Amino acid sequence: MSVKTLDVIRKRLEERPDELRRARENGLKVVGWVGYNVPEEIIHALGFIPVRIAIGGDDRLVEIGARYASSKTCVFIREIVGAFAENQDPYIQQTDILAFDATCLQNYRAAEVIEYFFKKDVVVLAVPRNFHLDEAKEYFAHEANEFTRLLEERAGAPLDSARLAESVALYNDIRKTLKSIYTFQASKDNVISWEEVYDLIQAGDLLDKREYLSLLTQTLDELKERQHHPVIASDDGDCRIFLSGSLIPRGDRKLIGIIRSVGGRIVGDDLWSGILPHLDLDIKEISPAGVALGYLNRTPHAALPYLDLESDRRLKKLQERLSEFKAQGVIYHTLRYCDPFTFKAKETKNVLAKSGIPLLEIHTEYAGSDYEAMKTRVEAFVEMIKIKSEIAEEQGVLVDA
Amino acid sequence: MGKQLFRYSEANKEKFLESDNITFNDGSTVSPEEIWHYLTEEAPAKYPSAFEVNLYQGNRGSRDETLPTSLKTRYLGLTFSARMEKAKDNGKSIAFIQGGQAVDPYTAADTIALRPGLVNQWNNGLEYGNDINKENLRRKKSKEKAFHDMSFEACQTGGYEHVQAGDLRIDVIAPYTVLRCSDISYGVEAHRHGPNKNVKLLNVDYPLRFQADKPWAIEYFAKNLRRLVNTLDEVTGRKTSENDLLKAIKLHNTGRRLGTELAELWWSADVPPTNSDDRASMVSLGNLEVHGDVQASLSVLKEAKKFIAERVKNGVKGHAVADNPKRLFILGSCVGINGSRSEDAGAIVVGRDDQWSHCSSLVEEVGDPFYNLAKATLEYPYEQSIEKRAQWTIEQIKKSRADGVIFIHNWGCNTQAAISRPIVDIIKRETGIPTYIHERDLHGLRDEQEQNRVNAFVEML
Ligand code: SF4
Ligand code: SF4
């Protein structure tokens, strides 16, 4: 199934840390960002190199992180803190400035802890919890201006509106191309897998944005050439799984690997390390506030509470995507101490049950010790879905007969 | 075999009867005579757990028999559940709030504001005749309900287990969200899937990161406070004016001032004038919310100052306090160490940051009361950056002449746990005082292991 451009991207990723080092030697600055509502276009337009710091899967770093941020912080943040403590990650080594947002309080605490222990230059964007209210948007617009002001200080120059417009256009193209590519992975006779697309999305966290767009365009062209009309539909006997819940950053492929190993096929996700942040981002005005509000108005992150179940956009989006990608079941991944997603697991399960979609919650951390237990549960879930669809098929045949 | 129960000695009765009445919000009063009767007759039968002589008794404030305030706060605590039931029967509105916030806007809107600990207290008091073990079991069971519907990693469940089960008549869940707590907003949100559709939900959005310096953040929080008052008004059917809020601010400032003066008076004494639990229950009166009745708290608080001044003047030492006890300052939200057992080990708790942070934050009385209240709230020392919070804490540690600092956090309390180490690091660096971080076990039972660690720390001091 190999898509050639993906090999180029893998190679470019290997070369990227050295490239960043050289760029810094030439006076450019790298902004590492961590969070869910950081308006990356502003960082980019100010002439910084944005890099998303999202790593996982290393229990040793989690252990180190716990010494600074306590063992009660989510594993993802503990690993990030641990990585800053160790300072071996090639991207972390290259960051000059860090940009965090306060969407999730644990992310916010990470900013404080990293600033305190590792003396990093940290800029934080506050995020309102009542995100849907007009006054919250007004407040967030101010915060976006403040966030920009702090970055301008570090850039030594004001944000240029024309450059911001260019960055927005570039990022819009990236998002559009990603969405098109995403459809291919879920199609019948697909030539690219969800796993490959997932890696491709995460490559964008690190690569130069212009180059990334051109690589995405090449990927899309290749896909179009090999599959003229991708149709989202099942292949015979596949078990179509949708992945939801806490993010799964680079370095963590435990659950994804297990799903595949037991015969499940992931066909979609609403992970904040996957396609979700690239959806529905509509920037209505070229200004820091305009960009930031575009971010805030997307499908809300689970850390932002919403008090009416019926009109919850996060659940609506999930249901919409499940139907679009013809998913048969949801594996809901919750990381240890990730309250935003863990608190909602049971509720999400109940909501989906009403439309006949089963949900399996996998609560895990980065240690390998739960591998077998996870595998047994995922295997049983995949089996159950297969049996269900066989029965449905048989019943369909009987009805037809 | 029956459990051994503590009884108040008749020898102190006469002195106690000379003390003041308690006056309540609705203008009613209770006399010392009635209080004495309640504490010696009714309460031991209704709530044997509160009188049980047991190592796991969390609070033995009632044992300082010559301090009338001790008996009165005990009375208010033990009658809490019945008083809340009565308030509901009389049509009073009750709100669920967050632990680290003041309640001025709720008072203004004629609503009783209960933080999580008080909601649990209300629920606990509904059942009579339990001993400590049964009481703990009951608490665990009700928490299980919430864990089942949310997450076993939850510390704060927004009162879900009581409100959704229909056990408590709470009208509105409206805490200051994310102030010090990561769980609270998810707990509020969880109510949206519960069967009780009548309870109103609101997050009063407390923004983070250097917010007290940002006029737009103060404006935003002020708008949240207005929205809060409107929501409370929807329940009560009345219209709360700016003037009502100003009046409430003035009332609460009186409480905060008295609470602060009382704490400083206590700290000024050469020997601790009360034990740890009495100190805590008196100082916490300053926020006026602790007994679900602002006026009752105020009347006990006013009188308390007089008793403590007397004790300080005469060099009276609090009940069961060791000679030259090691002075501990406790940090962290919603949880403390076992005061009486720590006293047995030769220590005394001389202060806490929780509750004290907002008690010591006065609100400006001139100008827009919503803006002023928002500003003062965003200035809570507990909510500031690591460095600023630590500096404020150091000041309190110095004022209280603490010998050691314990940062304790509940299992599942991510937000406080995450910064426990940097905070104690700064304290240690700048004061040289020994510190340690302790995590309260899952489900919050005060166990032997925890006490052993506290005792070892005290011994080391
Ligand atoms: S959303 Fe979950 S994984 Fe992400 S920072 Fe918050 S707690 Fe951690
Ligand atoms: S202990 Fe922590 S998580 Fe629990 S209610 Fe208090 S602040 Fe919230």
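Here the structure is a predicted model, which is why all the values come from computation and not from measurement. Sequence lines set the chain letters: A, B, ... in the order given, protein chains first and strands last, and positions in each chain run from 1.
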Please classify the contact of [X] with chain B as side chain, backbone, both or neither, using a heavy-atom distance under 4.5 Å.
X	result
A:Tyr108	side chain
A:Glu138	side chain
A:Leu304	backbone
A:Arg78	neither
A:Thr334	neither
A:Gln106	side chain
A:Ala110	neither
A:Phe117	side chain
A:Ala136	both
A:Tyr116	side chain
A:Asp308	backbone

Top of [options] for chain A proximity - count of heavy-atom pairs under 4.5 angstrom:
options	answer
B:Asn224, B:Thr177, B:Thr157, B:Ile426	B:Ile426
B:Gly187, B:Pro422, B:Ser151, B:Ser182	B:Pro422
B:Glu219, B:His409, B:Glu387, B:Arg227	B:Arg227

Looking only at non-hydrogen atoms, find the nearest pair between [X] and [Y] and report the distance.
X	Y	result
B:Leu202	B:Pro175	O-CD, 3.5 Å
A:Thr342	A:Leu335	OG1-O, 3.8 Å
B:Asp233	B:Ala109	OD1-CB, 4.0 Å
A:Val81	A:Gly65	CG1-O, 4.0 Å

For chain B, which candidate among [options] shows the most heavy-atom pairs at distances under 4.5 Å?
options	value
A:Glu115, A:Arg129, A:Arg67	A:Arg129
A:Val113, A:Thr73, A:Leu307	A:Leu307
A:Ala141, A:Pro340, A:Ser71, A:Ala302	A:Pro340
A:Val127, A:Leu125, A:Asp312, A:Val351	A:Asp312

Walk me through whether A:His301 and A:Phe131 qualify under ring pair (Phe, Tyr, Trp, His ring centres under 6.0 Å).
CA-CA 10 Å; A:His301 185 273; A:Phe131 60 95; over 10 Å; no
Step-by-step ring pair (Phe, Tyr, Trp, His ring centres under 6.0 Å) determination, A:His132 to A:Tyr306
CA-CA 8 Å; A:His132 53 286; A:Tyr306 186 73; 5.2 Å; yes
State whether B:Arg440 and B:Glu450 are salt-bridged, where the test is any N-O pair (Lys NZ or Arg NE/NH1/NH2 against Asp/Glu carboxylate O) under 4.0 Å.
yes
Taking atom types as modelled and ignoring hydrogens, do the side chains of A:Glu63 and A:Tyr366 form a donor-acceptor contact shorter than 3.5 angstrom?
no
Parallel, tilted or perpendicular, as decided by the 30° and 60° cut-offs, for the rings of A:Phe118 and A:Phe84
parallel
Working note: B:Tyr160 + B:His193, criterion ring pair (Phe, Tyr, Trp, His ring centres under 6.0 Å); need CA distance, chi angles, decisive distance, verdict.
CA-CA 10 Å; B:Tyr160 186 91; B:His193 65 234; 5.6 Å; yes
Is the charged tip of B:Arg453 near the ring of B:Tyr436: under 6.0 Å from the six-membered ring centre and within 45° of its axis?
no
